[in-house]
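Worksheet for the structure shown next.
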There are 2 protein chains.
Amino acid sequence: MSHSVYGRLMSVDRTQVLHSAAALLSRKATATMDEVARAAGIGRATLHRHFAGRDALVRALEQLALQELEAAFDEARLDEGTADEAVRRLVAGMEPMAPLLSFLVTENQLFEGDQQNDGWARLDARVSDLFRRGQEQGTFRIDLTPAWLTEALYGLIGAGAWAVQDGRVAAKDFQYMIVELLLGGARRSVEK
Amino acid sequence: MSHSVYGRLMSVDRTQVLHSAAALLSRKATATMDEVARAAGIGRATLHRHFAGRDALVRALEQLALQELEAAFDEARLDEGTADEAVRRLVAGMEPMAPLLSFLVTENQLFEGDQQNDGWARLDARVSDLFRRGQEQGTFRIDLTPAWLTEALYGLIGAGAWAVQDGRVAAKDFQYMIVELLLGGARRSVEK
DNA sequence: ACCGAATGAGACATCAATGTCTCGCTAGAT
DNA sequence: ATCTAGCGAGACATTGATGTCTCATTCGGT
């Protein structure tokens with residue numbers, strides 16, 4: 001009896017398939033199952049063996065995103081240091097999954113009417129708490145609700161990913177543009 | 001011979017159909033032609049008589065959005081008053097088409113590889129010019145490029161539309177949240 | 001060297017959406 | 001009152017993606 005990581009043989013790495021699917025779908029949301037399979041370098045039948053259908057694939061992508069986001073949030077240590085610094089660490093940690101995020105956000109129209117996956121609620125709460133902490137510490141203005149700042153963060157990350165992919169913003173400026181707009185805003189502040 | 005507005009009889013109002021299609025598609029981007037027809041209160045065959053196919057429908061929606069955005073930009077008088085005030089007028093004028101905008105932005109993955117519709121380029125240029133003007137007048141920081149601020153504006157409007165539709169932000173706060181974040185940012189400024 | 005599990009390729013049925021057509025009807029013009 | 005353009009409803013063929021199956025092959029473990 002052989003058992004590798006998960007107790008059985010694994011020729012195709014499920015995670016690797018998901019990542020290439022994410023890369024493709026974030027560029028072409030309507031990509032076919034066959035295109036996803038080819039992009040991952042596997043056959044369509046094999047893709048079907050691992051993910052029952054397109055829905056299952058999207059669900060798996062969502063789970064992957066949730067898991068990686070939780071990890072990124074942990075690593076960003078949202079409750080340490082100033083809220084400013086925590087936001088910077090957060091954006092930096094989220095950059096690698098910006099394309100996947102923007103795909104899932106648009107795909108989340110699937111969940112309209114359905115129960116919201118509470119995994120997203122947990123993440124939203126963590127970000128909201130961060131902004132709330134910044135407000136309580138006097139760093140952030142209190143007239144913008146934490147909920148809105150959370151939405152704005154996602155929106156700006158999506159816009160940034162799109163702008164970079166379209167060549168309107170240099171990839172190296174991704175974090176700076178988002179963080180500076182979110183934290184500092186377009187209006188010039190006398191402090192700074 | 002009879003000729004009304006456009007030289008012939010019109011039982012179904014093409015613009016009205018497009019607006020209801022926009023309302024539906026912004027909520028459910030994968031809506032079927034049949035669903036679009038039902039939402040507009042017409043038959044599927046009739047919808048097909050007016051728009052050859054789904055592509056043609058999306059193109060028409062795009063043209064409608066371009067036309068209404070141009071009008072909104074004109075009415076916002078982007079080159080009058082301070083850049084701040086112009087941005088406020090701009091966001092106010094764009095609010096009614098926020099859902100349509102967010103739909104088209106995600107749908108614009110269709111144009112990947114194709115030629116970008118230069119109508120969008122014109123609009124982008126007008127917004128970019130506004131931000132550039134604000135920079136030259138010393139109101140806006142110069143380390144955020146006009147191109148990025150333009151993308152951010154679209155991104156925030158999309159995020160705002162989504163947040164409102166999802167009940168996370170009150171509709172009446174839509175303009176305020178977007179404008180204040182875009183102009184003032186999350187970091188509290190001593191002036192204000 | 002052997003064996004079995006998993007894969008790739010392809011065939012196949014299914015299904016949903018699309019696009020086209022016909023036909024009976026109605027509203028508006030004359 | 002009549003006529004006709006345009007509509008709704010439905011039937012129909014077509015298309016493309018999906019999901020399932022089979023079979024030969026390959027790769028890893030023993």
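Order of the sequence lines sets the chain letters (A, B, ...), proteins ahead of strands, with each chain counted from 1. Please read these numbers as outputs of a predicted model, since none were measured by experiment. As a basis for the values below, the full set of heavy atoms in this structure was taken, side chains included, without hydrogen atoms, waters or symmetry mates.
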Next item on the list: Evaluate the side-chain contact (heavy atoms from CB on, under 4.5 Å) criterion for residues B:Asp173 and B:Glu180: first the C-alpha distance (whole Å), next the side-chain angles of each, then the deciding distance (0.1 Å), finally the verdict.
Entry: CA-CA 10 Å; B:Asp173 295 333; B:Glu180 289 303 314; over 6 Å; no
Checklist line | Sorted by number, the residues of residues 35-47 of chain A with heavy-atom contact under 4.0 Å to DNA chain D | finding: A:Arg44, A:Ala45
Next item on the list: Let me know the distance between CG of A:Asp34 and C1' of C:dA11, rounded to the nearest Å.
Entry: 14 Å
Item checked: Full working for salt bridge (Lys or Arg N to Asp or Glu O under 4.0 Å) between A:Arg132 and A:Asp129 -> CA-CA 5 Å; A:Arg132 199 183 331 272; A:Asp129 287 345; 3.6 Å; yes
Check: Is a donor-acceptor pair below 3.5 Å formed from side chain B:Arg49 to base D:dG8, judging by atom type as modelled?
Finding: yes
Next item on the list: Can you tell me the distance, in whole Å, between the CZ atom of B:Arg54 and the P atom of D:dG16?
Entry: 16 Å
Check: Under a 4.5 Å cut-off applied to non-hydrogen side-chain atoms, are A:Leu130 and A:Phe73 in contact?
Finding: no
Next item on the list: May I ask you to evaluate whether B:His50 reaches the phosphate of D:dG6, defined as a side-chain N or O under 4.0 Å from OP1 or OP2?
Entry: no
Item checked: Length of the NZ-C1' vector between B:Lys28 and C:dA17, whole Å -> 12 Å
Notebook entry, point to check: Quick one: do A:Glu35 and A:Lys28 make a salt bridge, cutoff under 4.0 Å?
Noted result: yes
Next item on the list: Quickly work out the B:His48 NE2 to D:dG10 C1' distance and round it to whole Å.
Entry: 14 Å
Checklist line | Student check: side-chain heavy atoms of A:Arg14 and A:Leu64 closer than 4.5 Å | finding: no
Note to self: I'd like to know if B:Asp74 and B:Arg126 make a salt bridge, using a cut-off of under 4.0 Å between side-chain N and carboxylate O.
What the structure shows: yes
Check: Is the distance from OP1 or OP2 of D:dT18 to the nearest side-chain N or O of A:Thr32 less than 4.0 Å?
Finding: yes
